[in-house]
Amino acid sequence: MDMDNRPDPVVEPVYPLGFRRHFEDQGNTPHNTSEMRDLILKQARGRSVMSFDVFDTLLLRTDVPEAERFLEISHEMRARLPEDLIAELGLAEITAQDILMVRIEAFRFTYRTGRRIEGCVEGALDDLLAQIARMLDPGGRFTDRLVPLLRAAELAVEAASLHPNQAVLQAIEAFRNNGGRVILISDMYMRGGDIRALIDMLAPGTMAQVERLWSSADEIVSKRSGKIFSRIEAELGEPAEAFVHFGDALPGDFVRPRECGWAAGHLPVPRKAIARRKERLQRFVLAQAELGWDVRSWAKI
Amino acid sequence: MGKDLAMTERAEAQQRLGRDLLGPAVAGYLGKLYRLTRAFEEERGAKVLYVTRAGIRIEQALNAYCTALDLPMPKTGETFYVSRLMACKGIWARDRERAEKMMVEMFARSSLMQFCEVFLRASDVEDFESLRDHNDERGSAHLPEFLCSDTPLAQVVRQHLTEQSALFERYMVSLAPADQPLLLVDTGWQGTIQCLLSDGFPERDIWGAYFARFGGETTDRRHWPKTIGIEFETDTVDPSRPETSLLEHRHLVEHSFEPMGDSVERLVEVGGRITCPQADVLAADRADPLRDPIFYGVMEHLQSLTRGTTPARIAASAAEAWRALARLILLPTPEEARAALDIQRDFDFGQTGASKLLLDAENMPTTGFQKDAQTAKGRVKLSLWKPGQVALDYAPQVARSMNVKRFGLGSDAFAPRALPRDIATATAGPVPAQPRVAVITRTMDRPNFLRRALESVSAQSFKDYVHVVVCDGGDINEVRKAIWDSDVCHSQVLLVDNVVNRGMEAASNIAIDNSESEFVIIHDDDDTWEPDFLQAAVGFLDRPDKSAHLGVVTQSTHVSEEVLPTGEIQVHRTRPFNPGLTGVHVFQMAMGNTFPPIAFLFRRTAYDMVGGFNADYPVLGDWDFNLRLLQHGEIGVIPKALSNYHHRDVGDTQTFGNSVIAGRDTHGEYAPIVRNALIRGGAGFGGDNTAMSTLMGMGLHFDSLLKEVRRAASKTPAQGVANGAVGPGDTAMTDALWCALQTLSDAVTSKDKRMLSRVSQVMTNQNLDRATRMALVVEALGETPTKNAPVPPPDFDTAAYVSSYPEAAAAVESGKSASPYEYFRKLGHARGHMRPSRNGPASVAGMRLYSPAPTLTHGGVVPLSTVSQDPVRVLTPRPDFEFDIVTQEPNGVMVHPTRFGPSVVAFDLNFAQPVRWMSCRLEVPDGRAEPIAFAARIYPQTFADKDVDIRMKSAMTLANNQLLGALGWTQLTPASGRAVTVEFKRQTMKIKVVLATRVSGMPHFAQAYFRGVMFH
């Protein structure tokens, strides 16, 4: 073939749903939203059950990394302690750092010693709050007041760091209008009730469209372990081929569902968003190091 | 009085240690322990058990902590009277095999009788001596069979075990019902008691909370998911986590938390309660400032805490204390070590006695390990606190260096409030617009390989990449399917369809041009990475001190594999591809690539600088690219095998073969093309094409020679030369040529006009044949003093050499030599040092034993037997020249070649016993009649010495060659079977032998060998 007459190489991104990275780097315009919605629905064609991950999929996070959010939650908890309890329990010296430290210890304890089902273990917000309450009130006299207060602080900060994914909400509505079933599956230390409360806060009416919500904090088995999918199939009475799942985590939202026979769509967090979170995480780690804390073993984006 | 004063001073020092350092660290531990025990109690309904003996003091300390901070103690806490010995007794009835196995392990160094004595020591059996069988000398490994026997002693021991098991059973029930989880609290470290109890009482849910958890190679880790190490759970010291320094001095905690009273060896029932005989003594334990000053200091600190001290503040103080403790443990001063001289640890498992933490050279023990403890090295080996022993036995600066090196510590290790180095240098710069790495995979109709490559990239710990897959003329739909079927992050994959085949290098260029990134790497579809490849490579190039590096390579693993008819890729074996790669040198690269593309991450700016890959080359384009790149800067090396270079060198090597395997013909065709192009374009090397020509030519010659040597060496079973060991420096290659190449490379890069001119004169002398020119260049370069210390060949085992010849290390330390290899080259070799090679066992060991007709390369020693008349064949560095030695009396000879070339071979013979005569016979194949000149001199006399008479024992024509005659040589006109006998005027053990052809106009030796007979 004459070298000069050779056709030009063709360059293409491989995966149609890799658009999210591209779109969100450009910004969330209505045009992008409807395109994304259409691509999700195209992926779901022929399926009767559409499933979504919650955090960073149905509800999108800001650029605050998880570690920093934990510190914000700790500040909020400290700020919400009533004066009478502070006086009664001698909590004047307690800071957000103390609460954060106990929270991380509680996480570790839960994952280390938690109940195992099919080899899986999951932490639960209830356990974290109980540990924090016990640190504040070793005698346990005011647990009934403390725990709800701490939970409210947690949910308030979470809600402030999330906003609904309009493309996913539109896809849910369209899919439901076509007679499809919609479920949510979350690998999270929050129980289903807390997640539901967040969704109700941020995207009112959505839960009316969702048939069921599974949280690994309730089920113990998780998407990441792959053990939850067969349980869902049994509960809904549908075979694996009926399902398509969308989410941002490559192992739990893409690889494992496909291994279990589900279709799956990977909606990764945009690269720039990850980079911004990493940047903030680095600053957080440095700031903690200045205070004498080496948080690298647990601080994540 | 003096002794008492010293003791008091020591006690005060230890008390300060306890109060100021260990105390805050223990407070941090207690805070975590407290929250853990409360969580177990409240959320799991568990019972907390403080395991004797350390648990006694842990409970005391926790009590002090809670009192100071006004916290309620764990509600369920109770002392648990147990030890490993007691646990064995306790579970014996339930799991006899497990209990006896542990007892055998723990009493491995004791006899059966000693075991029985310990076992029954605390029992009601009063007259052990009457039961003892003095004739039974069996070791305790025979315990199981002993316990099955019917001897009176065995019956008594069985009875005791049965009783104790029954008591323990009731004891466990009295502590907690079977369905209540138990949390054992102890110092640590492996959870052995917990493990024993978990095995003996499988129906119970038993957890353990320890100060820390770590183990060794034989540790039973089955129950470790329930064994919680509060401060850390790791088996090795991690300088970034100061608390892990406790691994080197766990006795600091063990000794401090060891109360008065013996270990629990049996249970008794008193007033309906099951307890141990020493319960009162244990309960009465209190810290004493003189007897256990460290714990006393710890308690002082705990009692000083106030109600307002928050968990975070306690943790911050603990972190600070651990940094100081880590410095003390890992880098102690002699004074700090001496302060611990009196500390000792009781033997465990019921055995009496104690061992000291540190061994005092001035007061050595007289029994046991006396011999090993006579040297500093021996004492360090035996010591329970090795860094402390080093501080005691070595000069302060040496001790510090030793400890710093052992633990990989930085100069600011454990400085107060120091930010971890990698946090301190972390930059929070702007977010890069594009992925940092473009991974380029060229593929054509190999979907099975492509899938593996996709997974290799997706598995990388470093995630900021774009994976550009370029389909070079194959079926694009197959490529799309392979990508889709792979569980990889598809949004990071960019597919380029070349539509038609454009060639490997063109495909690379197209892929690179269609991406943007800071770094680029070619990941061929049939190769793979280890998961941390990109992390390590990007991390290397990100370092400020590597900013001038154009790229970095890692070492590689050669993977031999085969594609089965099913399409499965079966890996047959792996071996290091280039284990000696520690630097990328121009002179080495001139011979050939020392690394595969999969190993090489380079900067995009470097790629742009050299204009990309040469699309005209169907093969070797990477070599060409690498050499052009090297003209502009350095390529770094990560000396770790993080990349895998796959070869289909088993089975069908053509269908899926690499270009290096299947494309051998093309490689052969293009090698000179690539070389010539580089030579023509050699202006980069100071504008001197001749020098570049010489470098490339020598590289070719060297490469050919290497292949020849390998081919010859592979016929010799005793050599064991690893196939594919990289580069020059293989067993049979001389160091002279290796160093000469380096000298030339230095001359080229430093534009040494004088040297280059001299080289040029030789190389352009048309009166000499190519081989002779090469030899003269090597000789000239070898005589040139080098500016830089020579880089050792990959096979030179520096560590082994320094170990065998400490004077080499001393010379380097004193600055007299730049490196051990330089020392060997300049001095060691002349002194008869063994040349240690990684390629074979013999050089390091120094001795090889051979079967009849053994062979030996230079640098080895062989004992010569009078029994066998078979010759010992000496292989010189020239594969076509061999030398045989046979003795009629016992002797040993060491052969050192000192020079070789196309026309000359010289070697030193060092004999174990003096020789007076030497008879040599030179045989050449028929048809080759070139005169051979022979000279033999006793060492170290010069050629002018007339101490040698050469008597011809057979008719030989002595013809004088002008040049050789002037050197006092004897020229032989060889024919098969002719012999020369040399008689020395005095006995000698070192002989220099030189054999040479005429200097001018003669080809080098071919298949000539020299047979010699030596006798007294």
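Every chain is numbered from 1 and lettered A, B, ... according to where its sequence line falls, protein lines coming before strand lines.
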Can you tell me how far the [atom1] atom of [X] sits from the [atom2] atom of [Y], to the nearest 0.5 Å?
X	Y	atom1	atom2	result
A:I274	B:D464	CD1	CG	9.0 Å
B:D497	A:D8	CG	CG	11.5 Å
A:L267	B:S491	CG	OG	9.5 Å

Per-residue contact mode, [X] against chain A (heavy atom under 4.5 angstrom):
X	value
B:V488	backbone
B:F40	both
B:T309	neither
B:I228	both
B:S317	neither

Should [X] and [Y] count as side-chain neighbours, where that means a heavy-atom distance under 4.5 Å?
X	Y	answer
A:V11	B:L494	yes
B:T310	A:Q97	no
A:R271	B:K463	no

Based on non-hydrogen pairs under 4.5 Å, which of A:D127, A:D98, A:L91 is most in contact with chain B?
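Maximum pair count with chain B is reached by A:D98.
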B:E516 atom CD, over 12 foreign heavy atoms within 6.0 Å
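No, because the 6.0 Å sphere around CD of B:E516 holds 12 heavy atoms or fewer from other groups.
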Does atom CG of B:N477 have more than 12 heavy-atom neighbours from other groups under 6.0 Å away?
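Atom CG in B:N477 is packed in, count exceeds 12.
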If every non-hydrogen atom of [X] is compared with every non-hydrogen atom of [Y], which pair is closest and at what distance?
X	Y	value
B:V496	A:P9	CG1-CB, 4.1 Å
A:P7	B:V499	CG-CG1, 3.3 Å
A:W293	B:A315	CH2-CB, 3.4 Å

Using a strict threshold of under 4.0 Å (side-chain N to carboxylate O), is an ion pair present between [Y] and [X]?
X	Y	value
B:R241	A:D294	no
B:R35	A:E105	yes
A:E93	B:R313	yes

Tell me, please, which residues at least two apart from B:A507 pass side chain to side chain contact (heavy atoms under 4.5 Å, CB included).
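Side chain to side chain contact (heavy atoms under 4.5 Å, CB included) list for B:A507, sorted by chain: B:R442, B:V470, B:D472, B:N498.
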Is it the backbone or the side chain of A:I94 that comes under 4.5 Å from a heavy atom of chain B, or both, or neither?
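Contact with chain B: backbone and side chain both.
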Side chain / backbone / both / neither for A:R258 at chain B, heavy atoms under 4.5 Å
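Contact with chain B involves the side chain of A:R258 alone.
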Looking at chain A, which one of B:E42, B:K32, B:R502 has the largest number of heavy-atom pairs inside 4.5 Å, strictly under?
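Most pairs with chain A among the choices: B:R502.
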Quick check for you: among B:A319, B:G31, B:P225, which has the greatest number of heavy-atom pairs under 4.5 Å with chain A?
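The residue among B:A319, B:G31, B:P225 with the greatest pair count is B:P225.
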Any donor-acceptor N/O pair, A:R112 side chain to B:T227 backbone, under 3.5 Å:
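Yes: the side chain of A:R112 pairs with the backbone of B:T227.
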Can you check whether A:P138's main-chain N or O pairs, donor with acceptor, with B:R38's side chain at less than 3.5 Å?
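Pair found, side chain donor or acceptor close to backbone of A:P138.
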